[in-house]
Participant: 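My questions will all concern the structure given below.
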Amino acid sequence: MSDDTHVMSTTDRLIYMAHQIARNMAMMGEAKATEALAEHLTRFWDPRMKAQIVAIAQDQPERLSPTVAAAVARMAQGWPAPDVDAAQFNAVDEAGHCDAG
Amino acid sequence: MSFSRETDHGTPPALATGKAITLTIDGQNVTLPEGTSIMRAASLLGGSIPKLCATDNVESFGSCRLCLVEVEGRNGYPASCTTPVAQGMVVRTQTERLKQLRRGVMELYISDHPLDCLTCGANGDCELQDQAGAVGLRDVRYGYDGATNMGQAKDQSNPYFDFDPSKCIVCSRCVRACEEVQGTFALTIEGKGFDSKVSPSQGEDFLGSECVSCGACVQACPTASLIEKVVVEIGTPDRAVVTTCAYCGVGCTFRAEMRGEELVRMVPWKDGKANRGHSCVKGRFAWGYAQHQDRILNPMIRASVSEPWREVSWEEAIAYTASEFRRIQGKYGTRSIGGITSSRCTNEETFLVQKLIRQGFGNNNVDTCARVCHSPTGYGLSQTFGTSAGTQDFDSVMHADVILVIGANPTDGHPVFASRMKKRLRQGAKLIVIDPRRTDLVQSPHITAEHHLPLRPGTNVAMLTAIAHVVVTEKLYDEAFIRERCDWDEFMDWAEFVSEAARSPEAIEPLTGVKAEEVRAAARLYATGGNGAIYYGLGVTEHSQGSSTVMAIANLAMATGNVGREGVGVNPLRGQNNVQGACDMGSFPHEFSGYRHVSDDATRSLFERTWGVTLDAEPGLRIPNMLDAATDGTFKGLFVQGEDILQSDPNTHHVAAGLAAMECVVVQDLFLNETANYAHIFLPGSTFLEKDGTFTNAERRIQRVRKVMAPLNGYADWEIVQLVANAMGLAWTYDHPAQIMDEIAALTPTFAGVHYDRLEAEGSLQWPANDAAPDGTPTMHIDGFVRGKGKFVVTDYVPTDEKTGPRFPLLLTTGRILSHYNVGAQTRRTANTAWHPEDRLEIHPSDADNRGLKDGDWVTLRSRAGETTLRALITERVAPGVVYTTFHHPETQANVITTDYSDWATNCPEYKVTAVQVMASNGPSDWQQDYAEQARTSRRIVPLEAAE
Ligand code: SF4
Ligand code: SF4
Ligand code: SF4
Ligand code: FES
């Protein structure tokens, strides 16, 4: 085993993930990207991941970009996030959408 | 079903021209499509004209002259297999003169054939024998003393079938099957006249030849000349059960031909709508793992992974599982445990595992291996089209004019579909391949890709955007389609974005390494060449921009109007047999079956009413996050059904650390896989031959899996999950998977019309199958997109953070080969190892030269995540700067090398891009040796008797 093997810490990974999503949403423009990221975190992150990123925003704010920080704050305000059409799901009786994300 | 051979109508159905012909055959009037042969017409009427060189999966050839008929008003005796029906024709198939002629033909064949029928493996299943009987041959006038072709050496090199030239009647059915059905062109007829004989090309033996062991020639052979070794060993079958292959997402259906309780052979089913009577080496031959000695048949437990396994009764194992999970939840909370469903198991089993987790564990911590393959397909297609599934059925490819294959290697990954695609290409469709490697498809017999764009791994989005740039700036888009079917404003935004000079083929050439002119030409061909169909695989999804690439593909298809009819579309080639089904069944942590979010109150209350519990409204953990949470101490128990995450998931060190941090890992599998080295409870699983259920293939086609033998381990997998559920207090009462499907149908709108009796009647159904589409849905988005207006999504190219540099100058990309399947747990336990005994590292000659490497040398492959060793294969298939390997063998553990980087939207790992260094080495690394030792220790078993 080489000694420079790396396994990211959970904190590092969550910060990395949030920024990676933000970078891929950047084309939407600041305001929409913030809402879309907030919705993404709300829809896809488990409660402990949400709590961790909120804690990071409080304890190490310098590690979050303005967009990510704004989205985390937006998410922390709680459900429901506004539907910015960044994630599609079926309604209870709907056969249409099919999201495997 | 008792045993009878499938009817062979002698020649394939006529191509549809819409014209009908009426004629008389032996006094009966019949009306048939124009182009039908007289032979097929007679067979459809219930008669049968003797034949030897004709069979209905290849075009007729007219060489044996056994099928002669009389046609009123015509001279001579035309061959019925090559003569099409004509209006008003009057045909006689049985006359004295015909009998004489046929007997004469037969006599010649028999005089040069060994008459060892009683000891021949094909006795009772031989067309020569049948036809000799049919023409009433009793005596051979020429005697058996003249020169014959008997006594020639057999070719037994192929592990699954033998070739005995002395039994060959040179009918060329095998040659035509290899060409027309399989598309490999491995066989030829050598020599002329009496000396002519069948031979694998270049005079090699079968194993050493181009042959890919698909079995099409064996199936086509009318004699014992090409015959399965098992038939020789076991004897001919006495019953057959139709079931579905458990290997890949093509979903071929087979007749499992049995002799008593023993499986003799798997023969591709002609009525199978996914495979149309064809197969590949895996489904056809590689089922021996089901009886392999490594299979674990007794449940086992242990308190810690350093202890040997202790065999226990099912009661003890199940009770221990339930008590451990409840203990952990009591100590660490409801959300401290979870599970992983299997894309190899049936829909019903997958549904039950996620139900166990949501209803029994009380959380949404369920994920599936689609996480590591096609999760970006789901995300990307749902954003753009409104549904994540492939838009077409496989038959659609026969209507395509331009086929664009990106990040897929169908001849290895989806071989039966690849054969169809190649057939279409030989008919003249044009091919564009976008792939860092020169895959077989780029250049194969009678097929040459019009354009191969060998881009640098990780630049898919830049490449697709450049293609879009050409489509938009050269005004090749389909304005009428876009205006009618898509959101025009969104199109305009997207068009403006892709038109920027920075996104032109010229501007991105330094990134992708592909000549701009070639990109422009490919773009023009796709946009203007008629029906354009896109097929893609894991080379698209397994990137940090996997989801973006899927959306870029969808954008391109919409812009050129290539959605919503036959011959076009966007088609993900799914990896595992039931990965589509596993996703449909609610295996993801944020959604129920039918892709409905867990936070949706109406959906939750539907499930709550049916299941009688309150369900968690918060999404659960994905696999990588489960492992993080385990390392952090908040996730302690995992139920893994039919997956080997230690071998298949990226960054093995991360997976190992996560598993080691858990208090209870339960593995349900056929073998002690690599993940089981970290498990505390092992529940032996059953094979697809041992249970009932359904799989859903890449075309959304739901097909039955049928039990052909009793489970060797005692229970089908769905029964085991039910035992665990009931031990946890859930009171499930399923007696048969049909009842589970009824529950799925009641809870899932896309499956509302799917019931076992419908599947029995139809053979298969493509979802959505419901009141709106009672017969299922072969082509999606015909009159409009599922989401309403198709949505163009701007996809900006964001380079991966995995960068090459002085320490890691090469890019590693990973893949698979034909003879093996995924982590190889099954195929490594079959004779398929004859073709791929080890994983090799493909490296370009110039890179090998720089490092002083020779072909076959041991090399160390090192990345930022870890290192392993394997042997080098020097080849120009890979471009300079790129290396490639497979991950079929645990000794190699290619995933020690792959990193934690993943798709931004879905965390699908970036398997296809890892920066590495390659250097000469002496043999296995310390890590590999340690691992082998740890695996060996971890697999010790104390048998039931000794343990008591
Ligand atoms: S097994 Fe398949 S590839 Fe091999 S010779 Fe026969 S038809 Fe051709
Ligand atoms: S091997 Fe079989 S199929 Fe091929 S030419 Fe000989 S008899 Fe015909
Ligand atoms: S592995 Fe795939 S292509 Fe091969 S037989 Fe099975 S389903 Fe068909
Ligand atoms: S079957 Fe028609 S010529 Fe052989």
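In this text the structure is predicted, and so the values were computed from the model without any measurement. The chains referred to below are lettered A, B, ... by the order of the sequence lines, with proteins before strands, and numbering in each begins at 1.
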Participant: Are B:Arg864 and B:Glu802 packed together at the side-chain level, in the sense that at least one heavy-atom pair is separated by less than 4.5 angstrom?
Facilitator: yes
Participant: Quick check on A:Arg48 against chain B: is it the side chain, the backbone, both or neither that has a heavy atom closer than 4.5 Å?
Facilitator: side chain
Participant: Heavy-atom distances under 4.5 Å only: say whether B:Asp903 touches chain A with side chain, backbone, both or neither.
Facilitator: backbone
Participant: Other residues, nucleotides and ligands only: do more than 12 of their heavy atoms fall within 6.0 Å of CD on B:Glu500?
Facilitator: yes
Participant: Do you know which of B:Asp601, B:Val794, B:Asn625 has the most heavy-atom pairs with chain A at a distance under 4.5 angstrom?
Facilitator: B:Asn625
Participant: Is it the case that the side chain of B:Asn364 and the backbone of B:Asp616 share a donor-acceptor pair, with hydrogens and angles ignored and the cut-off at 3.5 Å?
Facilitator: yes
Participant: Mind ranking B:Leu621, B:Asn365, B:Asp796 by heavy-atom pairs under 4.5 Å with chain A and telling me who comes out on top?
Facilitator: B:Leu621
Participant: Chain A heavy atoms under 4.5 Å from B:Phe497: which part of the residue, side chain, backbone, both or neither?
Facilitator: side chain
Participant: Just checking, is any N or O donor in the side chain of A:Gln77 or A:Arg74 under 3.5 Å from an acceptor N or O on the other one?
Facilitator: yes
Participant: Under a plain distance cut-off of 3.5 Å, with no hydrogens placed, do A:Thr11 and A:Gln52 share a side-chain donor-acceptor pair?
Facilitator: no
Participant: Given heavy-atom pairs under 4.5 angstrom as the criterion, report whether the side chain, backbone, both or neither of B:Thr634 touches chain A.
Facilitator: both
